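I have placed the structure first, in the form of structure tokens, so that the comments after it can refer back to it.
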Amino acid sequence: MQGAGNDYIYVNTLRHPIADPVRTSIKWSSCHTGIGSDGLVLIGKSTKADFSMRIFNADGSEAMMCGNASRCIGKYVYDNKLTQKEVITLETLSGIKILKLHTENGLVEEVTVDMDLPLLTNSRQINTPDGKMLAKTITVDGKEYKGTFVCMGNPHLVIFIDDIKNVNLPAIGPKLENHPLFPERTNVEFVEVLPDGSLRMRVWERGSGITMACGTGACATAVAAYLNHKAGRKSRVRMDGGDLQVHWNETDGHVYMTGPAVKVFDGEIEI
Ligand SMILES: N[C@@H](CCC[C@H](N)C(=O)O)C(=O)O
């Protein structure tokens, strides 16, 4: 399945348990020797919510949260009749998220995810030496990058720039991901504010590299844009694979992300 082009292999572990998800994600994500994906997502049962999600990056590392995968799970469980609910709770390593399904002709087209509160101070995931987050200047290869840190269950470094075409993402992405400031590594977003006010973002994902979109990254981008006076509470985040709508609600402080969820194909693989 894919959400704005961020593609994962989804396994319904209620029927097909995966004994070694780390090894499986590395093997299956490989474009030339596996299936090819940004990682592996396990849909499971939960004692606290309707379903659970575990997300593994292409390098086998497990993440706490995935925005695009949450939407795709909403589509998977509804379209495959694992539930008839149109509001679903999903247990993740970063808490329970609420998915609101938008259906057309009995199938899910879009999903709004309550992504909970953004974390703007230090978190377990991002241990900066001084314990202070928000704006920070990071020097890499003699060049300074001013980043805003936002944790959406997982860590994001959002960098605003004037012209996104000037970013050499394959070169700078891994250097920022593995910068000593982030002992647990980080996702990295470069963002240009377009004349219509939308946010053009490209992402280097921790553990997967360049992806066509990142849901938590889009939310982090919208929050950082508001904090840096570059956008209002509602933003359209435009990524290589499509757009997401993000609303940082001032009443409850939660971030709401809305976007598509698409099935690419069903398949069987021997393990
Ligand atoms: N693509 C995802 C985020 C996946 C996890 C991330 N690479 C991490 O390690 O934190 C999304 O849509 O949010």
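Since the model is a prediction, treat every value here as computed from it, not as a measurement. One-based numbering, in listed order, for ligands and for the atoms of each.
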Does Gly215 reach ligand 1 with a nitrogen or oxygen that is under 3.5 Å from one of the ligand's nitrogen or oxygen atoms?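 For ligand 1, there is an N or O atom that lies under 3.5 Å from one belonging to Gly215.
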Pairs of nitrogen or oxygen atoms closer than 3.5 Å, one from Gly67 and one from ligand 1: do any exist?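 Yes, at least one N or O pair falls under 3.5 Å.
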Atoms of ligand 1 less than 4.0 Å from [X] heavy atoms?
| X | answer |
| --- | --- |
| Ala63 | 5 (C), 8 (C), 9 (O), 10 (O) |
| Glu205 | 1 (N), 2 (C), 3 (C), 4 (C), 5 (C), 6 (C), 7 (N) |
| Asn154 | 3 (C), 5 (C), 6 (C), 8 (C), 10 (O) |

Consider ligand 1: state whether an atom of it lies below 4.0 angstrom from any non-hydrogen atom of Thr211.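 No heavy atom of Thr211 comes that close to ligand 1.
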Yes or no: does Cys214 have any heavy atom under 4.0 Å from an atom of ligand 1?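 So Cys214 counts as touching ligand 1.
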So, Phe149 versus Phe182, ring centres under 6.0 angstrom or not?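 Yes, the ring of Phe149 comes within the 6.0 Å limit of the ring of Phe182, centre to centre.
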Under 3.5 Å, which donor-acceptor pairs do the side chains of residues 261-271 form with other protein atoms, sequence neighbours left out?
unit_1, atom_1, unit_2, atom_2, d
Lys263, NZ, Asp266, OD2, 2.8

Ligand 1 versus Phe56: contacting region, heavy-atom distance under 4.0 Å: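 Neither; nothing of Phe56 gets under 4.0 Å from ligand 1.
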If we set the cut-off at 4.0 Å for heavy atoms, which region of Asn68 has an atom near ligand 1: side chain, backbone, both, or neither?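 For Asn68, the contact with ligand 1 is made by both the backbone and the side chain.
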Could you pull out all donor-acceptor pairs under 3.5 Å where a side-chain atom in residues 96-105 meets a protein atom, sequence neighbours excluded?
unit_1, atom_1, unit_2, atom_2, d
Lys97, NZ, Ser94, O, 3.1
Lys97, NZ, Ser94, OG, 3.3
His102, NE2, Thr112, OG1, 2.7

Charged N-O contact under 4.0 Å between Lys27 and Asp20: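 No, this pair does not count.
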Does the structure place the NZ or CZ of Lys85 under 6.0 Å from the centre of the six-membered ring of Tyr78, at an angle of no more than 45° from the ring's axis?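 Checked: cation-pi criterion not met.
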May I ask which of Thr216, Leu244, Asn187 has a heavy atom nearer to atom 6 (C) of ligand 1 than the others do?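 Heavy atom nearest to atom 6 (C) of ligand 1 belongs to Asn187.
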Roughly how far, to the nearest 0.5 Å, is the CD atom of Glu62 from the CG atom of Leu40?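 Reported value, rounded in 0.5 Å steps: 10.0 Å.
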Using the side chain to side chain donor-acceptor pair (under 3.5 Å) definition, which of the options Thr186, Thr221, Thr216 pairs with His156?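 So, applying the side chain to side chain donor-acceptor pair (under 3.5 Å) to His156 and each of Thr186, Thr221, Thr216, only Thr216 qualifies.
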